[in-house]
Amino acid sequence: MSERRIDRLTSLLRRRGVVLPSFEIYGGVSGLIDYGPVGARIKRKVVDSWIDHWTSQGDIVEVDSPTLTPEAVLVASGHVGEFNDLMVTCSSCDSAFRADHLLEGVHDNPDSLDADGVSELLTNGIVCPACPDTKWSDVRPMNLMFATQIGAMSKGRSAYMRPETAQGMFMLFPALFRHFKQKLPFGAVQTGKGYRNEISPRQGMIRLREFDMAELEYFIDPEYPPCPDLSAWPNSVTMIPDPDGGHAGEKAMTCAEALSKGIIRHPTVAWFLAKTMDFMVDVGVDPTKVRFRQHSSTEMAHYAEDCWDCELHGEHGWVECVGIANRTCHDLQSHEDASGSKLLRAWRQYDEPRNEVRDVLAPVSAVIGPSFKNHAADVVESLSRLTKLPDDLPFQLQLSDGSSVEISSDMVNRRTEEVTLHGEWFTPHVIEPAFGIDRIVWHILDHAFTETSKEGEPYSVMRLNAAVAPYDVAVLPLFDKPKMMEHARKIVSRVNSIPSRKGEMDSSRSIGRRYARVDEIGVPWAVTIDHDSLEDGTVTIRRRDDQKQIRCSVDDLIETLSKGDLSILF
RNA sequence: GCGGGCAUGGUCUAGUGGUUAUGACAGCAGGUUCCCAACCUGCUAACCCGGGUUCAACUCCCGGUGCUCGCACCA
């Protein structure tokens with residue numbers, strides 16, 4: 001037995017087919033893992049619980065988009081810029097730095113330089129922050145996205161494996177807007193793989209190169225942010241507010257308090273914090289090992305207004321498992337700017353139609369046309385955009401190409417226009433909770449892994465919440481006799497016929513050994529068939545967490561199992 | 001990417017320039033027993049890859065790969 005709990009846990013996970021290194025017969029690849037037969041069921045249940053947790057809300061739907069993403073999408077989202085930084089290494093001390101950080105103050109926009117440009121600037125005596133040397137080597141891009149091409153031939157379109165699922169939801173905004181009858185708020189969830197070519201993946205399941213994410217994009221009208229009654233969440237949670245703000249320091253409070261004190265800056269964010277806590281408890285995370293940490297203003301992306309991480313504590317310390325961010329209108333706006341699409345907006349109907357009166361310079365096209373020829377359309381457009389009308393004519397009108405033309409009084413008529421506006425188009429804001437499924441699964445396993453002893457021997461039990469247990473029951477014939485086996489098979493098949501329930505049969509070796517095996521993979525209930533079972537149709541039910549047993553009929557077992565939890569039998 | 005450590009059955013491990021390469025647990029078959037890892041018998045199953053040194057390499061050397069720990073990096 002290893003000295004460290006984390007090694008004993010990891011070893012158990014391999015041994016029992018929960019989580020294992022991928023491609024092991026070829027040496028394995030850091031940052032890639034397999035879920036074995038037991039682990040895959042646990043993960044499936046976590047993901048299903050997550051989908052159900054949000055979609056039962058009513059205004060949230062599930063979507064599914066490609067992992068392959070054209071370059072243009074990720075240019076607009078900022079990922080191509082953010083994820084392709086140039087790295088340089090100091091020749092004497094081997095420290096690695098981001099080139100754009102070193103060149104701040106030397107160049108206006110160091111991010112825009114290519115490798116050669118960076119090399120050239122670095123020769124101008126840029127001093128290594130770690131040592132006094134000024135020699136640099138190895139300017140190379142740090143590619144955090146996996147690049148590929150769409151199209152088999154060399155001229156294929158550049159693309160990347162998605163670094164997050166979120167962009168797919170933004171692409172689907174027009175379809176979602178129609179689906180929800182053009183009314184905010186609404187949301188979309190998506191689970192699936194994301195890819196980041198981490199420089200140095202470490203810590204087992206915590207930093208992966210290919211991982212499962214579960215993201216919710218909740219689209220809201222910023223003027224009417226939704227927030228259900230937070231008094232439905234009376235429990236305190238641990239929060240660590242922005243260290244640079246007025247509430248620094250760890251404290252426990254309810255989400256309602258945090259919102260009313262201005263610690264949480266947005267009501268919808270407060271609501272998602274509460275909902276996130278609910279989810280963690282549902283899947284069996286230990287609530288005392290959960291905390292919410294607010295990003296400091298320097299850590300936050302420039303567009304975000306409030307961002308909280310939900311951190312879970314386990315063998316790797318506090319680990320960010322969920323990020324809840326108010327991304328404002330940033331994403332939709334960027335895609336509108338980059339694509340030119342006009343479909344990324346929502347309509348805000350006014351309570352009362354508004355009359356707007358304004359002065360305009362109405363173009364006289366009979367004069368403007370011949371005067372400006374092929375620039376005439378631009379002139380008309382520019383006139384209509386004037387927010388401030390000139391006091392005197394003629395005046396210089398700025399065109400969209402930057403040039404200006406003289407507008408004389410015969411070209412326009414000054415008049416007052418009255419328009420009735422029934423509403424307006426605006427870019428919705430997005431609140432995004434983004435969950436790292438693998439990290440959550442790890443913490444579920446970590447929190448459930450209980451080391452006890454039996455008869456002086458070490459004994460491990462995975463106290464998984466029934467909602468995420470790999471099997472609902474284990475069916476164990478006490479003897480390996482044909483009649484008992486047959487009986488057991490029938491019970492397993494009845495269990496399996498209950499929707500979403502799964503049973504597992506084990507007839508190998510002694511009964512104690514079999515209990516130990518199913519305890520280790522977290523099966524909450526063991527059903528044992530003995531001689532009496534064949535006579536009177538009863539079985540023994542054993543509870544994993546305290547080894548208590550009761551006897552009941554198979555019919556009761558099946559009925560209780562299909563309704564809910566077997567614990568009511570105890 | 002740099003530096004250190006490591007690499008033996010499913011898991012945890014012992015060990016050697018020439019061995020039939022330990023042991024435990026797990027697993028399989030049979031026996032026995034039957035409600036908490038019992039016991040007996042038998043069995044399956046391993047030296048990361050490539051090159052070099054050598055009569056002989058799992059062992060020594062070099063290279064690679066991978067893992068791991070520090071450093072750096074980490075929307």
Side-chain angles (χ1 to χ4, degrees), chain A residues 1-3 7-8 10-17 20-32 36 74 77-85 87-98 101 129-130 137-138 140 142 144-145 162-164 166-167 194 196-204 206-207 209 213 295 299-304 307 320 323 325 327 330-331 432 434 453-461 476-481 484 508-520 526-533 539-542 544 546-549 551:
Chain A
M1 282 286 243
S2 169
E3 292 294 307
D7 293 335
R8 295 191 296 271
T10 310
S11 172
L12 183 154
L13 297 181
R14 286 183 179 207
R15 212 161 8 91
R16 295 298 183 195
L20 316 83
S22 294
F23 309 112
E24 232 193 338
I25 62 168
Y26 288 98
V29 180
S30 182
L32 299 178
L74 295 162
S77 70
H79 285 95
V80 170
E82 294 284 349
F83 275 67
N84 282 323
D85 298 309
M87 298 280 295
V88 293
T89 309
C90 172
S91 305
S92 57
C93 74
D94 272 334
S95 303
F97 299 95
R98 276 173 60 166
H101 288 181
S137 58
D138 284 355
R140 57 187 187 278
M142 180 177 79
L144 258 46
M145 289 196 293
R162 68 181 174 196
E164 59 174 21
Q167 300 309 319
R196 294 181 192 180
N197 201 356
E198 297 285 352
I199 301 169
S200 168
R202 296 277 166 89
Q203 301 172 300
I206 301 301
R207 181 94 67 85
R209 289 197 164 114
M213 352 205 227
H295 283 207
E299 180 180 7
M300 211 148 39
H302 63 280
Y303 51 82
C307 186
E320 172 196 345
R327 296 176 69 140
H330 172 79
D331 300 279
E432 178 200 78
S453 66
K454 188 181 252 182
E455 316 274 319
E457 292 293 307
Y459 193 89
S460 307
V461 183
L476 314 175
L478 199 51
F479 308 101
D480 190 356
K481 302 256 166 74
M484 225 169 252
S508 160
R509 296 304 211 121
S510 77
I511 191 68
R513 189 170 286 224
R514 283 178 274 163
Y515 286 144
R517 271 198 291 250
V518 295
D519 281 348
E520 253 191 354
V527 172
T528 310
I529 292 125
D530 56 20
H531 284 302
D532 294 341
S533 308
V539 289
T540 306
I541 299 175
R542 169 190 183 269
R544 175 195 66 205
D546 59 4
Q547 306 176 4
K548 199 178 161 197
Q549 305 196 354
R551 199 158 183 101

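First the proteins, then the strands, lettered A, B, ... as listed; each starts at 1. Computed from a predicted structure; not experimentally measured.
Using N1 to N3 plus N6-O4 or O6-N4 for Watson-Crick, or N1-O2 and O6-N3 for G-U wobble, each under 3.5 Å, B:rU33 pairs with nothing. Pairing for B:rC47 is absent, with no Watson-Crick or G-U wobble pair whose two atom distances lie under 3.5 Å. Using N1 to N3 plus N6-O4 or O6-N4 for Watson-Crick, or N1-O2 and O6-N3 for G-U wobble, each under 3.5 Å, B:rG17 pairs with nothing. The partner of B:rU22 is absent, by the rule that a Watson-Crick or G-U pair needs both atom distances under 3.5 Å. The partner of B:rG1 is B:rC71, judged by Watson-Crick or G-U wobble contacts that both fall below 3.5 Å. Of the nucleotides present, B:rA7 is the one that pairs with B:rU65 by Watson-Crick or G-U wobble criteria, both distances under 3.5 Å. For B:rA57, there is no paired base (Watson-Crick or G-U wobble, both distances below 3.5 Å).
The distance from atom CG of A:Leu478 to atom C1' of B:rC34 is 5 Å, rounded to the nearest whole Å. Rounding to whole angstrom units, CD of residue A:Glu520 and P of B:rG10 are separated by 18 Å. Put simply, CZ on A:Phe479 is 16 Å from C1' on B:rG31, counting in whole angstrom units. One atom, CG of A:Asp519, and another, P of B:rC36, lie 13 Å apart when rounded to the nearest Å. Atom P of nucleotide B:rA75 and atom CD of A:Glu432 are separated by 14 Å, given to the nearest angstrom. Per the geometry, CZ belonging to A:Arg207 stands 11 Å off C1' belonging to B:rA72, to the nearest Å. Regarding A:Glu457, its CD atom lies at a distance of 14 Å from the C1' atom of B:rA26, rounded to whole Å. As a whole-Å value, the separation of A:Asp480 CG from B:rC34 P is 15 Å.
One can find a donor-acceptor pair under 3.5 Å joining the base of B:rC36 and the side-chain atoms of A:Arg542. One N or O donor and one acceptor, one from the side chain of A:Tyr515 and one from the base of B:rC35, sit under 3.5 Å apart. For A:Arg196 against B:rA75, a side-chain N or O and a base N or O form a donor-acceptor pair under 3.5 Å.
As judged by a 4.0 angstrom heavy-atom cut-off over every strand, A:Tyr459 is placed among the base-contacting residues. No contact: A:Gln203 has no heavy atom under 4.0 Å from any strand. Within the nucleic acid shown, A:Glu164 has no heavy atom closer than 4.0 Å to any nucleic acid atom. Contacts of A:Thr540 with the nucleic acid, taken as non-hydrogen atoms under 4.0 Å apart, include base atoms.
At the phosphate of B:rA38, OP1 or OP2 sits under 4.0 Å from a side-chain N or O atom of A:Ser510.
Across B:rA7 and B:rU59, the matching P atoms stand 12 Å from one another, rounded to whole Å. Only the P atoms considered, B:rG23 is 15 Å distant from B:rG9, to the nearest whole Å. The same atom, C1', is picked in B:rU22 and in B:rC12; the two are 13 Å apart, to the nearest Å. When the C1' atom is used for both B:rA37 and B:rC47, the distance is 30 Å, rounded to whole Å. Rounded to a whole angstrom, the distance from the P atom of B:rG5 to that of B:rA26 is 36 Å. Taking atom P on both nucleotides, B:rA57 is separated from B:rU20 by 16 Å, rounded to a whole Å. The gap from the P atom of B:rC58 to that of B:rG52 amounts to 13 Å, rounded to the nearest Å. For B:rU16 and B:rC61, the P atoms lie 14 Å apart once the distance is rounded to whole Å.
If you find the closest nucleotide of RNA chain B to A:Lys548 and to A:Glu320, the one lying nearer the 5' end belongs to A:Lys548. Along RNA chain B, the nucleotide closest to A:Gly204 and the one closest to A:Ser533 are compared, and the more 5′ of them pairs with A:Ser533.
Between A:Glu164 and A:Arg196 there is no salt bridge, since no side-chain N of the basic residue sits under 4.0 Å from a carboxylate O of the acidic one.
Taking only side-chain atoms of A:Arg14, from C-beta outward, the nucleotide of B:rA37, B:rC34, B:rU11 with the closest atom is B:rU11. When each of B:rC36, B:rC35, B:rA37 is scored by its nearest atom to the side-chain atoms of A:Gln547, the top-ranked nucleotide is B:rC36. Checking B:rA37, B:rC12, B:rC35 against the side-chain heavy atoms of A:Asp530 singles out B:rC35 as nearest. Here B:rC35 is the nucleotide among B:rC36, B:rC28, B:rC35 with the atom lying nearest to any side-chain atom of A:Arg551.
In terms of the ring pair (Phe, Tyr, Trp, His ring centres under 6.0 Å) criterion, A:Tyr459 has no residue partners (sequence neighbours excluded). Under the rule for a side-chain contact (heavy atoms from CB on, under 4.5 Å), the partners of A:Asp480 that lie at least two apart in sequence or sit in another chain are A:Met485. Residues satisfying the salt bridge (Lys or Arg N to Asp or Glu O under 4.0 Å) test with A:Arg542, not counting sequence neighbours, are A:Asp519. Among residues two or more places apart in sequence or in another chain, the side-chain contact (heavy atoms from CB on, under 4.5 Å) test is passed with A:Arg207 by A:Glu198, A:Pro201. For A:Ser508, the side-chain contact (heavy atoms from CB on, under 4.5 Å) criterion is met by A:Asp506, A:Arg517, not counting sequence neighbours.
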Residue pair A:Ser11, A:Arg15: steps toward the side-chain contact (heavy atoms from CB on, under 4.5 Å) verdict: CA-CA 6 Å; A:Ser11 172; A:Arg15 212 161 8 91; 4.1 Å; yes

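Counting all heavy atoms, side chain and backbone alike, A:Leu74 lies closest to A:Ser77 at O-OG, 3.2 Å.
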Scoring nucleotides 39-45 of chain B by protein non-hydrogen atoms under 4.0 Å (B base, S sugar-phosphate only, - none) yields -------

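Between the CE atom of A:Met484 and the NZ atom of A:Lys481 there is a distance of 7.0 Å, given to the nearest 0.5 Å.
No side-chain donor-acceptor contact under 3.5 Å links A:Asp7 and A:Thr10.
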